[in-house]
Chemist: 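Got a structure for you, questions after.
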Protein chains: 2
Amino acid sequence: MILSERAVPVKPVRRRAGRPPHALLGHAQITKAALALVTRHGYKALTMSGLAKALNVAPSALYNHVSSKQDVLLLVEDALMGRVDVSAFADKPWEEAVRLWARSYRDVFSAHLPLIPVIALLPVTNAPQTVKMYDAVTDGFLRAGWPKERVVDAVVALESFIYGSAYDVNAPADIFAPGELADVAPHFTSAVAHRRNPSGHNDADAAFNLGLDAMVAGLEAALAAQH
Amino acid sequence: MILSERAVPVKPVRRRAGRPPHALLGHAQITKAALALVTRHGYKALTMSGLAKALNVAPSALYNHVSSKQDVLLLVEDALMGRVDVSAFADKPWEEAVRLWARSYRDVFSAHLPLIPVIALLPVTNAPQTVKMYDAVTDGFLRAGWPKERVVDAVVALESFIYGSAYDVNAPADIFAPGELADVAPHFTSAVAHRRNPSGHNDADAAFNLGLDAMVAGLEAALAAQH
DNA sequence: CTCACTAAATGAATGACGTTCATTTAGATT
DNA sequence: AATCTAAATGAACGTCATTCATTTAGTGAG
């Protein structure tokens, strides 16, 4: 669970900083290789042996730098978090910035579903890119007038929607096909058959846009309501 | 992936319906045992061997009734879907019904996180309770005036939020502790420190209520806007 | 009543996988 | 040149899901 590559020297710096003698591995190398592996062959291929092979190293060597596979996932997660676009919070109005951030966030992690439990359940401690992302978002909310007591709740609410939407992107087209149960669920069957969205987006985008617009509008109203 | 216990006899019913000669197992037994196992010992304990042991049967026997562990998870998922309370759609106004349904839905699956990928990614085909749940919800939306073209998107948007919120319920209390990175993320650190919600709920409930109220209000407004 | 049929259960085996640990290696320090 | 130390090795373990040839036990046909 510990991600810091080395503890901060407490008193006098005896031993020189930097990587040890003949090290082949480090967090950077592991992260890069894991990311490449996942990008090329998917999460099924992200095994400790496969990762070790990609690094020309024995599987057990990884455990000198990482305490578990969860740690590897956390490294990858943090790296990806740096790809979430928070730039709109710098110069765009709050509503638009939230929309752009949320879409970028969803797009990044819809391609990395297995990381969602990692983001959602593991402390951000020592995940620098993740913390940086949250800071930019928080700053945007504060400057839009959100009280600091409520910012985190608003961000968490949006994030929850984003994670769920990331799953939805990966749902098969026939996920709502009722099969032999069509007759016991007439309303649902009909609604599925008639599903249509104004703009010609795919189903996942239609639901995402509808929900995002609704939540952003609702949050804006809630903010305005409390003066 | 096939969940039907036997194919529907196509032409003349030669063989009598019902369970074969000396069968010990069936979908019902497997589902019940799996549910009990999970309830008592968590998802870590839900292994094919453990399940078989609970049923006094060899692990391989399970594969006569289920084609993979995913199938077992789908059985459990469908059973749990029957616990989601949709009764409010029968007699309460839409806004209140959605709120009660959403909370019930979140509460059921926040105790069964490993099932979320199953619900979110697997077709509902042959999952009767799941289809029934969707039908009740769809009916409620239609009677509230939602056009059948948009009902599914609205439900999917709410579901996405619900799944994400189910994760949030299980997040550790210190998930946002920035650790050594506090100084590089001053806004975020401050917002986390000052996080407070009016009603004395826990953090997950505060974010859930904020997001749910926002989305429900936003959806209501969107519905009204399109005449 | 008996035989043949069939679905279900068995038990041994397989191949991934994450992880541990005693041992060795190789560069830096004294 | 001797020593110290972090990193790498390779063998081993235990846990899984899954497979397959074989056996078991009811059922219906004759």
Side-chain angles (χ1 to χ4, degrees), chain A residues 1-2 4-9 12-30 33-34 37-38 41-76 114 117-118, chain B residues 1-2 4-9 12-30 33-34 37-38 41-76 114 117-118:
Chain A
M1 225 60 107
I2 307 293
S4 39
E5 211 145 352
R6 58 198 166 75
V8 212
V13 186
R14 297 226 181 193
R15 195 155 286 284
R16 268 226 326 292
R19 200 80 59 57
H22 57 298
L24 301 178
L25 260 39
H27 282 176
Q29 288 81 5
I30 293 177
L37 200 54
V38 158
H41 304 101
Y43 276 88
K44 227 209 81 183
L46 181 53
T47 69
M48 295 304 269
S49 334
L51 184 55
K53 180 159 292 181
L55 288 160
N56 285 315
V57 133
S60 51
L62 294 168
Y63 289 85
N64 287 320
H65 305 268
V66 141
S67 71
S68 67
K69 188 181 179 180
Q70 278 274 335
D71 268 10
V72 176
L73 292 179
L74 191 43
L75 286 174
V76 173
V118 177
Chain B
M1 226 59 108
I2 307 292
S4 39
E5 213 145 350
R6 60 198 164 74
V8 211
V13 186
R14 297 220 182 198
R15 194 154 285 286
R16 265 230 323 295
R19 200 79 59 56
H22 58 298
L24 300 177
L25 259 39
H27 282 176
Q29 288 81 6
I30 293 176
L37 201 54
V38 158
H41 304 101
Y43 277 87
K44 228 208 79 182
L46 180 52
T47 69
M48 296 304 270
S49 335
L51 184 54
K53 181 159 290 179
L55 288 159
N56 284 314
V57 132
S60 51
L62 295 168
Y63 289 86
N64 287 320
H65 305 268
V66 140
S67 71
S68 68
K69 189 182 178 180
Q70 277 274 336
D71 268 11
V72 176
L73 292 179
L74 191 44
L75 287 174
V76 174
V118 177

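Chain A is the first sequence line, chain B the second, and so forth, proteins listed ahead of strands; every chain is numbered from 1.
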Chemist: In whole Å, what is the span from the CG atom of B:Leu62 to the P atom of C:dT10?
Modeler: 10 Å
Chemist: Which whole-number value in Å describes the distance from B:Lys44 NZ to D:dA17 P?
Modeler: 12 Å
Chemist: Let's see if you can work this out: which of C:dA8, C:dT10, D:dT9 has an atom nearest to the side-chain heavy atoms of B:Val57?
Modeler: C:dT10
Chemist: Could you tell me the separation between the CG atom of B:Leu51 and the P atom of D:dC16, rounded to a whole number of Å?
Modeler: 13 Å
Chemist: What nitrogen or oxygen pairs link the protein and nucleotides 18-21 of chain D at under 3.5 Å?
Modeler:
| residue | atom | partner | partner atom | Å |
| --- | --- | --- | --- | --- |
| D:dT18 | OP2 | B:Tyr63 | OH | 2.8 |
| D:dT18 | OP2 | B:Lys69 | N | 2.9 |
| D:dT18 | O5' | B:Tyr63 | OH | 3.4 |

Chemist: For A:Ala54, which residues count as a side chain to side chain contact (heavy atoms under 4.5 Å, CB included) partner, sequence neighbours excluded?
Modeler: none
Chemist: Kindly state each residue pair satisfying side chain to side chain donor-acceptor pair (under 3.5 Å) with at least one member in residues 44-55 of chain B, sequence neighbours excluded.
Modeler: none
Chemist: Per the atom types in the model, does the base of D:dA6 pair as donor or acceptor with the side chain of A:Asn64 at under 3.5 Å?
Modeler: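 Result: no qualifying N/O pair found.
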Chemist: Do you know the tightest heavy-atom contact between B:Pro114 and B:Tyr43?
Modeler: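 Minimum heavy-atom contact is CG-CG, 3.5 Å.
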Chemist: From CG of A:Leu55 over to P of D:dA7, roughly how many Å is that when rounded to an integer?
Modeler: 15 Å
Chemist: Using a cut-off of strictly less than 4.0 Å, decide whether A:His65 has a side-chain nitrogen or oxygen near OP1 or OP2 of D:dA6.
Modeler: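 No, outside the criterion.
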Chemist: Could you report the tightest heavy-atom contact between B:His65 and B:His27, atom names first, then the distance?
Modeler: O-NE2, 3.0 Å
Chemist: What are the two closest non-hydrogen atoms of B:Val72 and B:Ala34, and how far apart are they?
Modeler: CG1-CB, 4.1 Å
Chemist: List the steps and the verdict of side chain to side chain contact (heavy atoms under 4.5 Å, CB included) for A:Leu62 and A:Leu55.
Modeler: CA-CA 10 Å; A:Leu62 294 168; A:Leu55 288 160; 4.0 Å; yes
Chemist: Please report the distance, rounded to the nearest Å, between OH in A:Tyr43 and P in C:dC17.
Modeler: 16 Å
